[in-house]
Each structure stands twice: as C-alpha cells, then as structure tokens.
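Since the structure comes first, as structure tokens, the remarks are kept for the end.
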Amino acid sequence: MSEDRLPRRSCGTLSASDAGDTHRVCGWVAHRRDHGGLVFIDLRDETGVIQVVADPVAAQVFEVAERVRHEWVLEITGTLDIRPEGTENQDLPTGEVELKASSLKVLAESETPPFVIDDRVEVDEALRLRYRYLDLRRPKMLAALRKRASAISAIRLAAEECGLLEVETPTLTRATPEGARDYMVPSRQHPGSAFALAQSPQLYKQLLMVAGIGGYYQITKCWRDEDLRADRQPEFTQLDIELPFAGVDDVLGVVEATVCSASQAIRGNAPDRPFPKMTWAEAMSRFGTDKPDLRIEGELKDLTSVFGGTEFRAFSAAISQGSRIVGLKSKGCPEGASRSWFDALIARATELGAKGLVWILVEPGGELRSPVAKFLSAAELEAIRDVLALQEGDIAMIVADAISVAREVLGRLRVELASDSTEAEREGAGEFAPFWVVDFPFAEWNENEGRLDPLHHPFCAPHPDDFEIISRGSDAIVEAGPESVRALAYDLVADGWELGSGSVRIHTRELQETVFEAIGIDPTEAEEKFGFLLEAFRYGAPPHAGFAIGIDRLIAVLQEEASIREVVAFPKTQTGSEPMTGAPAAIDGSQLASLGLSLKQSPRP
RNA sequence: GGGGGCGUGGUGCAGUUUGGAGUGCACGCCGGCCUGUCAAGCCGGAGGUCGCGGGUUCAAAUCCCGUCGUCCCCGCCA
C-alpha cells in the first residue's frame, strides 16, 4: 500500500511483546469467521497463524473481509492488540494477541481448493499428490520439510566436524551389471548408447579413496528402477560416507555422529553412543529377520530340545528330518481368542511357507488351551510356558520346519501381529533406538541361478576369521554353509527399518579377483564390468570402509512416519508416476529421432 | 509377475453381505441472519456417469467378467 511499508512479519511469530505496534503480515486465509458485524480471519504463513480482526469501523477493510474466501492471499497491516480478557486462545501459539486490520489488500484470489488445507482433514493420497502444492501448504507438511532441511544441515555439519569432504560424483554414469535395474538415459551424442542414472556412488567413492581423499561424504540422489514400497521411491536421497585407513568402528563412529545430529535436529534428543551391536546371526535367531523391530515384545525361542522325546508325531517326525521347533510369544490377540482368528493365523503361516503352526493360548487362570494339547505331555507344556515366559492372555506360536523357514515365518508373524495392535501398546513406542547389525554373511545361495550371490555387494571384505574359507572359492563357502561365512558388512536398523548399510571394502586387486571368483564372476567379466576399479587398485589403494544411509528413511523414522512419501516434497506413486505433472510421459517423436531411437511398443494413452 | 484393501456430490465415509426410485451422515461450497469467534453458530439451498467397459436380470452402487487408478504386501530392491 504505502511506499515506505513496514517489513513483513511472520504470522506465527507475533506475540504479546509486539503488542501496541503496527505490523504488516502476508499469508493465506486459513479460516474466516463472519459474525455479521465482526469478521475474524485466521491468516496462515509458513510460521503459523495469526487472528486478524476486521471491524466495521474500518469500513473498507470490513467490506473486503466479508468477501474473502479460503486460501485467498492477503496483505494485512494493523495494530497488534492484546486480546480482550476471556477471548485468548490457549491452543494457538499467537492466541494472546490479534491483529486489528487497518488495511487489507487482496494479493490473489483462490478458487475453492479440492480439499481443505488443514492437518486434521484426511485426504486420499492420490489427490494430495495431484495437488501437492496445496498438500504441502498444510502446516504439518511444511514442518516436515523444515525438519528434513534442518536434519540435513546438521548432518553436513557433523560430517564436516569428522573431517569429511563433500565431493559430488556423477549421476549420469555407466550401467552396473548387477543389482537393481537402471534408469537409462539415452545420449544424443552417442546414438545407441545410454547412461544409467547412478544407483549409488559406490564405485566413485572407492575411487576417491584411491585418489587420496581424506574422508568423503555426499548427500546425493540415487535411482533404482524397481517396484516401490512405503519405504522405497525410484529416486531417493542417500548420505554416502567413505573413510580411508579405517576399520569397522571408525565408520560406525562417523555414522553415529551424523545420525545423532539428525536426531537432535528433528527430535531435540539423540540416542546414546555407541549404538548397540547385534550380529546378523543373533538377529536371525532371536527375531527371524535382519532388521528386527525391537519395540515389539517377544523373541523366537528354539524349543527343539523340549521335544526331544515327544509323543507328538508332527514334532518328532520333523526333528528326525533335521527340522527345528521354534516358538514365539505374542501378547494376546486383538479379537479375543476366537477359533476363526487362530484359523486365519494358521492360514497366514502356511502362506508364508510353513507346513503348519501350533498355537497355545494361556487362559485366565493360567490353563493352556491348544488343539494339540492332548498330544503334548504336561512336562512339555510347562517347558513351553517356561521358555517362552508365557503369561495369562499370551499366545504361543510354534513352527516345526527347516530352521530358515521357521525363523522367516515367525519373524514375519511377529511383525504382522504387532502392526495389528496400536502403536501405543508397543513397548518403547516413540523412542529412537538405532542399533547395528554386524557380521552379515559374505554371500547367499541363489536357488534360481544355482550359484552364490554377494549379500551386500562384491566389494565387501571378508571377515578375517572366515577369509580362509572364502579364499578356497565358492565350493568351500557352500560346504561351510553360506550363512556362517561372514563379511565385514553391517546395517543400521531402527524400528524395523533398514536405515543403511556399509562394509569394509576390498582394496587389493588380488583379493578382489579372489572374491569375484568365489561369487562366480569370471576374470573376463570382471575386467569388462569393473576393469577401471581393478586398474585403480594397481596404483596403491588405501584400506577403506564406508557406509550409506537412506536419508528419506532416516528422516521418516525420526518423524515417526510410516511412509517416506511424507518427508519427500514431490514423491511418486507406487507405480512410479507423478499425478501432478503426469510424468513419465510419452516421448515426443522429434526427441526420439534426435536420440536415434524407435519404439517397439506404444505407450498407454 | 503375484496376493489383498479401496474407488459412491468438491472432501471423508455409510449403503454392497441378502439386487428394488441416488437413500443417509459429517465437512466443504452458495445465499441469508448474526459484534468475540477461533475447524464459530443458526436457517435455507445447490451439487451425482456410484472409476471405466461389458455381462446376468423385469430391475445393478450392490451379482459376474474385464479394465484403469491408488494404497499395503510378496517377488524384486548387489
């Protein structure tokens, strides 16, 4: 309005200490309450909401105030008053004061939005993504973006305090032969050739170690053309770290520093360091998964010894075939102890690959109820109660199967049953308690291909204690049992999420070639695919180790969101499309021509 | 590639099991009243291709087949 106008004040920052002065605010109409003779407007900007009062005494202001609608953009100047006694709003940070408008200018009108911009209104996610700019206008979403930014800023600071140098690596790179499918980028200058969008900076960061970088980090986008989940987007952000002359604990220390700084930024507190460690073997045996959710009560227990001399045929037969009997306690069942609930539980176990499932319910008074109770001796039942620490209302689930199957099935049920109950009922809900899973197996048997695959990637160093086995090749690994042959590889886990993984790397050509051989990559193939890395190792590569954290996941977990889409400004749907822009879109004919491409299949209309 | 959930005025739902007139609830929207509200309140009103296509039937939001979108999961994600 006036030429020498006041500086813009943020709506959410006005307080009693600003009262009595004239202020100028700009923002969106969050709500309007028209009392006929008095109009209240809640004006929202990125910092919060301030109540504006339009009084008929200021006729011009009042006339406009009666006309404005949701989401109109206004510039308002007025005096900040302490609210009349009894009209303060405790629920609003600015609830002690209100702006008495002396000037009200409409900067932009708005059509009625497709949904109300309010944290409390639930909207279909497809619609939110279609109008993401309106979705992001919701205070909760803006706060999520702000928390994300502050966490990333804190991470950079922590990384730099650890002496790391941020180095950018190419995102247009060469397709990696293994791992995820690549997003391909055809090149106009090289018809018939294409770049791949980087799945991770893995090889580049190792080359930076050879280059002599004292310690590297990068916060960067990575791309993987795989099917999506709540915790997976086709493009995601990774905190990538690599240290020269470093061992496992050096890396874990740096990662802990960055994770704690992110936690401090978002939650205002950080977990104790060092984070607890658990071996992969322990995670599998106690929880049936390599990313256990420790908030859930109940662990897997091996009950095989309990049934050494059992009369129960299903168990005795299983044991004689080398199967194990594994049990798991669950805290009650959500729908009471109905027969149909247990039937569904058994059906689910079968679906997950078990041959069957035995359940035992502890009834009020302590009696054990089970369809197979009559086949089990009193001593066996009491041993189950004892080993699983069963209490009234608990359910014991018992699976007799190959150890890997029994663990897999019970590990899944453990998580699925917990997600049926509410968050509040979970042990330790709300805590951020990350921990390390260390000593991952070096490789796993690929049933389909009939060969060993690296569990992490082919650049992980073997565990020194298992090096001898690996050096004798794939047959020796298979003979020893792939699960027992370890790599110096580790994951960071929290709340059942894999937040990141890393390893000590191989840094000599000789060992790298040995490892390639052990996992079935022959020298010709190795030369073609990773020749540049092997070549670099000829010129003095330092021992090095590193880690990569999924930033989207870390931030989602820190904000206790179930999906990373809640902490990504413009995420894609589960089918990898973007409802707002319509991406991906058909390729224009002239673009195809300039790339030297033709299509075999027309895109769907 | 596979399993499951959802799709009904602008939004969120109920209705679908057991076919019978587009029936209902809350919010939003439009109009009116209203000077202390704060997701204001009261009164009135408008607004529908029940995702789309096909089938069964005298009759389909409802049953069947197909398809699209979306969410969760399996496979996949070194």
Side-chain angles (χ1 to χ4, degrees), chain A residues 30-44 49-57 62 66 69-71 81 83-92 94-95 98 100 111-131 134 176-182 199-200 202-203 222-234 236 348 351-353 408 412 415-416 419 440 442-444 446-448 452-460 487 489 498 501 503 515 519 521 529-530 548 550 562-563 565 572-577 579 604-605:
Chain A
H31 296 286
R32 189 187 63 120
R33 293 174 294 280
D34 187 346
H35 288 240
L38 191 67
V39 177
F40 297 101
I41 293 171
D42 288 344
L43 199 71
R44 173 196 344 104
V49 166
I50 181 73
Q51 170 164 290
V52 175
V53 186
D55 196 287
V57 174
F62 186 73
E66 289 219 289
R69 291 293 183 269
H70 273 129
E71 303 308 322
D81 293 339
R83 290 197 189 185
E85 195 167 344
T87 67
E88 303 87 354
N89 185 351
Q90 306 269 333
D91 300 328
L92 201 63
T94 60
E98 62 189 11
K100 179 77 67 70
E111 293 182 16
T112 303
F115 51 87
V116 182
I117 315 292
D118 190 308
D119 287 340
R120 291 162 294 197
V121 173
E122 268 192 54
V123 186
D124 180 68
E125 194 169 346
L127 193 69
R128 291 173 57 198
L129 294 182
R130 167 78 179 79
Y131 297 97
L134 297 180
T176 46
E178 289 170 63
R181 282 165 283 197
D182 291 303
Q199 292 181 25
S200 80
Q202 179 64 35
L203 292 169
C222 302
W223 291 264
R224 291 177 193 173
D225 188 6
E226 293 295 344
D227 289 347
L228 307 179
R229 292 282 191 283
D231 61 350
R232 275 154 47 180
Q233 281 277 299
F236 58 98
R348 180 62 186 146
E351 194 178 31
L352 290 169
E408 162 96 15
R412 287 260 178 90
V415 172
E416 289 178 11
S419 65
F440 269 65
F442 180 77
E444 66 184 341
N446 183 328
E447 200 67 52
N448 299 330
L452 285 173
D453 280 341
L455 198 69
H456 194 55
H457 57 56
F459 317 110
C460 288
E498 179 198 320
S501 61
S503 63
V515 163
I519 56 177
I521 301 178
K529 293 169 178 171
F530 307 112
S563 164
R565 293 187 301 273
K572 296 189 171 44
T573 67
Q574 197 163 44
T575 54
S577 60
R604 284 213 189 95

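Labels below follow one simple rule: chain letters A, B, ... track the order of the sequence lines, proteins then strands, and each chain is numbered from 1.
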Choosing from [options], which nucleotide comes nearest the side chain of [X]?
X       : options                : answer
D42(A)  : C77(B), C38(B), G36(B) : C38(B)
L92(A)  : C38(B), C29(B), G36(B) : C38(B)
D227(A) : G36(B), C77(B), G75(B) : G75(B)
A126(A) : C77(B), U70(B), A39(B) : U70(B)
R229(A) : C71(B), C38(B), G75(B) : G75(B)
R33(A)  : G36(B), U70(B), A40(B) : A40(B)
F40(A)  : C76(B), U37(B), C72(B) : U37(B)
N89(A)  : C76(B), A39(B), U70(B) : A39(B)

Considering Watson-Crick and G-U wobble pairs with both distances under 3.5 Å, what does [N] pair with?
N      : value
U62(B) : none
G24(B) : C13(B)
G69(B) : C6(B)
G45(B) : C29(B)

What contact category does [X] fall into here, base, sugar-phosphate, or nothing, at under 4.0 angstrom with non-hydrogen atoms?
X       : result
H35(A)  : base
A30(A)  : nothing
E98(A)  : base
L455(A) : sugar-phosphate
T87(A)  : base
S577(A) : sugar-phosphate
R565(A) : sugar-phosphate
R181(A) : sugar-phosphate
E111(A) : nothing
R348(A) : nothing

Determine the minimum heavy-atom distance between [X] and [Y], stating which atoms define it.
X      : Y      : result
P84(A) : E88(A) : O-OE2, 3.9 Å
E98(A) : Q51(A) : OE1-NE2, 3.1 Å
T94(A) : R83(A) : O-NH2, 4.5 Å

Just how far, in rounded Å, is [atom2] of [N] from [atom1] of [X]?
X       : N      : atom1 : atom2 : answer
Q51(A)  : G36(B) : CD    : P     : 12 Å
E351(A) : C74(B) : CD    : C1'   : 9 Å
Q202(A) : C77(B) : CD    : P     : 16 Å
D34(A)  : A39(B) : CG    : P     : 16 Å
D453(A) : C77(B) : CG    : C1'   : 13 Å

Do H70(A) and the base of G28(B) stack face to face, with centres under 5.5 Å apart and an angle between planes under 30°? no

Nucleotide by nucleotide, nucleotides 8-13 of chain B touches protein heavy atoms under 4.0 Å in the pattern (B base, S sugar-phosphate only, - none) --SSS-

hbond_proxy [X] side chain to [N] base (donor-acceptor, 3.5 Å cutoff):
X       : N      : answer
R32(A)  : C38(B) : no
E85(A)  : G36(B) : no
R232(A) : C77(B) : yes

Check: G36(A) main-chain N/O paired with D34(A) side-chain donor or acceptor under 3.5 Å: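 The answer is yes, because a donor-acceptor pair under 3.5 Å joins these two groups.
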
Any sub-3.5 Å donor-acceptor pair from H31(A)'s side-chain atoms to I41(A)'s backbone N or O? no

Lys/Arg-Asp/Glu bridge criterion (N-O < 4.0 Å) met for E226(A), R232(A):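 R232(A) and E226(A): not salt-bridged.
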
Tell me whether R44(A) is salt-bridged to E71(A), with the criterion being a basic N under 4.0 Å from an acidic carboxylate O. yes

Are F40(A) and H35(A) close enough, and set up right, to give a ring-ring contact (aromatic ring centres under 6.0 Å, His included), and what steps lead you there? CA-CA 8 Å; F40(A) 297 101; H35(A) 288 240; 5.4 Å; yes

With sequence neighbours excluded, residues passing ring pair (Phe, Tyr, Trp, His ring centres under 6.0 Å) with F459(A):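 Ring pair (Phe, Tyr, Trp, His ring centres under 6.0 Å) list for F459(A), sorted by chain: H457(A), F530(A).
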
